[in-house]
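So the structure is just underneath, and the comments pick up after that.
Predicted, not measured: the structure shown is a model, and the values here were computed from it. Values below: all heavy atoms of this structure, side chains included; hydrogens, waters and symmetry mates excluded.
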Amino acid sequence: MVRRIGTAGFLVIALTACTGGEGAAGAAAPSASQPSSQPSSQPSSQSYSRPSSAPQQSATQAQPGAVQRALAKMSVEEKVGQLFMPVLYGTSAGSVSGENQARFGAQTPAKVVAKYHLGGVILFPQNVRSTGQVVALTNGLQKASPEVPLLIGTDQENGLVSRMSALMTDFPGAAEIGATKDTSMSRAVAKATGEELRALGVNLDFAPVADVNVNPKNPVIGQRAFGDDPQAVAEMVAAAVKGFADAKVAAAAKHFPGHGDTDVDSHTGLPVIKHTRSQWQRIDAPPFKAAIAAGVDVVMSAHIVFPKLDPSRDPATLSKPILTGLLRNELGFKGVISTDALNMEGVRKKYGDGEVAVRAVLAGADLLLMPNDFGKAYRAVLGAVKSGRVSEQRLDESVSRLLTLKQSRGLLAGAPVASAKQAAEVLRSSEHRKLAARVTKASR
């Protein structure tokens with residue numbers, strides 16, 4: 001979801017997820033405050049090269065030494081900064097913006113990243129002008145975080161939600177891929193998508209959608225899902241997770257515990273899922289179980305109420321029984337739990353912007369996306385740690401998971417440096433365009 005922004009040419013380091021509910025690919029409108037989703041010398045000599053087909057280790061398999069060393073060097077303030085992915089403004093890392101100054105007390109995206117030791121950024125259509133510009137942007141953002149390289153992400157689901165569509169191959173979306181009934185195509189499209197993202201300096205894709213679209217009135221999932229059959233969706237999701245791993249790009253399954261059976265958009269309201277626990281096990285859970293088994297790096301929460309899973313009627317993003325009890329303990333997920341965008345109305349109905357961030361951490365979230373008021377959210381989490389409401393052990397758990405994800409993608413060894421020349425060879429390559437055409441033909 002994207003609200004109107006009066007400033008032209010801003011960098012949106014913004015997320016997601018349900019964010020695709022804002023409409024067609026790249027249909028993000030400028031906003032009066034911040035978008036809401038649905039993001040010289042080089043830090044290292046590492047550059048993009050076409051990845052092999054061998055899947056990478058999941059976040060839970062990374063070697064711990066570098067993670068422990070990085071964690072030990074961090075102050076509490078630096079650890080809290082790692083949890084956040086706010087929206088920043090400007091078309092380059094050095095763009096001066098009054099919005100940045102007003103919201104963060106620093107004028108440029110690079111200065112905001114350095115000031116708060118942010119864990120990552122996410123790109124939207126507004127900061128996509130050309131291949132060379134995006135490459136310079138991602139390299140510049142990484143340069144601003146020399147101690148711990150950034151997760152740089154985007155919502156490139158393909159189809160309806162394609163934030164980088166101005167530059168990337170026009171691959172079919174999930175529903176069209178699902179219609180082929182061929183999981184190899186799901187894996188191939190994910191791999192090709194990941195290769196193009198990685199060439200631009202993007203290392204995290206907030207895809208695939210793991211929701212099962214069982215409600216024809218669903219206003220926010222629809223064609224973004226692989227289909228309405230839980231097992232078929234599970235197989236497609238697992239294949240996509242493996243495809244992103246083939247490309248050495250992290251994947252995020254969304255929106256847990258399942259956003260498929262709702263007729264309310266969580267960008268503007270708080271949906272209630274009325275499934276029983278047995279229905280959840282049968283309908284909603286299989287794709288998430290399959291994603292976890294396939295080694296998915298991130299699982300994104302949904303701003304939905306699921307009374308049979310948590311009678312408190314808090315949205316899943318703020319629910320410890322759902323995020324910790326169900327996702328962590330019951331399903332055994334050891335990777336990063338991300339919130340959906342925290343400026344969406346579905347998560348802001350009951351609590352203020354600072355309290356929402358604290359409750360998300362207490363529920364089990366590791367990555368806090370797009371807080372509506374960054375200052376309030378950051379100060380609230382920092383204050384909660386210093387007061388003991390959020391223990392330092394709990395904070396360290398989240399930061400360790402984020403660092404482990406970065407380690408598993410090679411980031412702790414040094415931020416990769418994207419190459420505009422190499423990106424131009426990968427983006428919209430003949431091979432990828434032919435793959436898109438094959439999928440479209442097979443879906444008919």
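Residues Pro321 and Leu309 fail the side-chain proximity criterion, which asks for heavy atoms closer than 4.5 Å. Val214 places none of its side-chain heavy atoms less than 4.5 Å from the side chain of Gln279. Within the 4.5 Å cutoff, the side chain of Lys254 has heavy atoms near those of the Arg224 side chain. Contact of the Asn203 side chain with the Leu411 side chain is registered, since non-hydrogen atoms from C-beta on lie closer than 4.5 Å. Using a 4.5 Å heavy-atom threshold, the side chains of Arg438 and Thr180 count as separate.
In this structure, Asp182 has no salt bridge (Lys or Arg N to Asp or Glu O under 4.0 Å) partners at least two apart in sequence or on a different chain. When the salt bridge (Lys or Arg N to Asp or Glu O under 4.0 Å) test is applied to Glu77, the partners found at least two apart in sequence or on another chain are Lys386. Among residues two or more places apart in sequence or in another chain, the salt bridge (Lys or Arg N to Asp or Glu O under 4.0 Å) test is passed with Glu330 by Arg277.
When every heavy atom of Met85 is checked against every heavy atom of Pro371, the shortest pair comes out as O-CD, 4.2 Å. For the pair Arg328 and Thr324, the tightest heavy-atom approach, listed with the atom from each and the gap, is CB-O, 3.1 Å.
When Lys274, Lys217, His275 are each tested for a side-chain hydrogen bond (donor to acceptor under 3.5 Å, both in side chains) with Asp261, only one passes: His275.
Salt bridge present: Glu345 and Arg348 bring a charged side-chain N and a carboxylate O closer than 4.0 Å.
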Query raised in the report: Run the salt bridge (Lys or Arg N to Asp or Glu O under 4.0 Å) check on Arg401 and Asp366 step by step: do they pass?
Result: CA-CA 7 Å; Arg401 291 187 193 106; Asp366 306 305; 2.8 Å; yes
Requested in this report: Could you give me the CA-CA distance, side-chain angles and deciding distance for Glu176 and Phe171, then say whether side chain to side chain contact (heavy atoms under 4.5 Å, CB included) is met?
Outcome: CA-CA 10 Å; Glu176 203 168 347; Phe171 288 112; over 6 Å; no
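Aromatic pair Phe256/Phe333: ring centres not closer than 6.0 Å. Remark: aromatic rings of Phe84 and Tyr116 are distant, center separation not under 6.0 Å.
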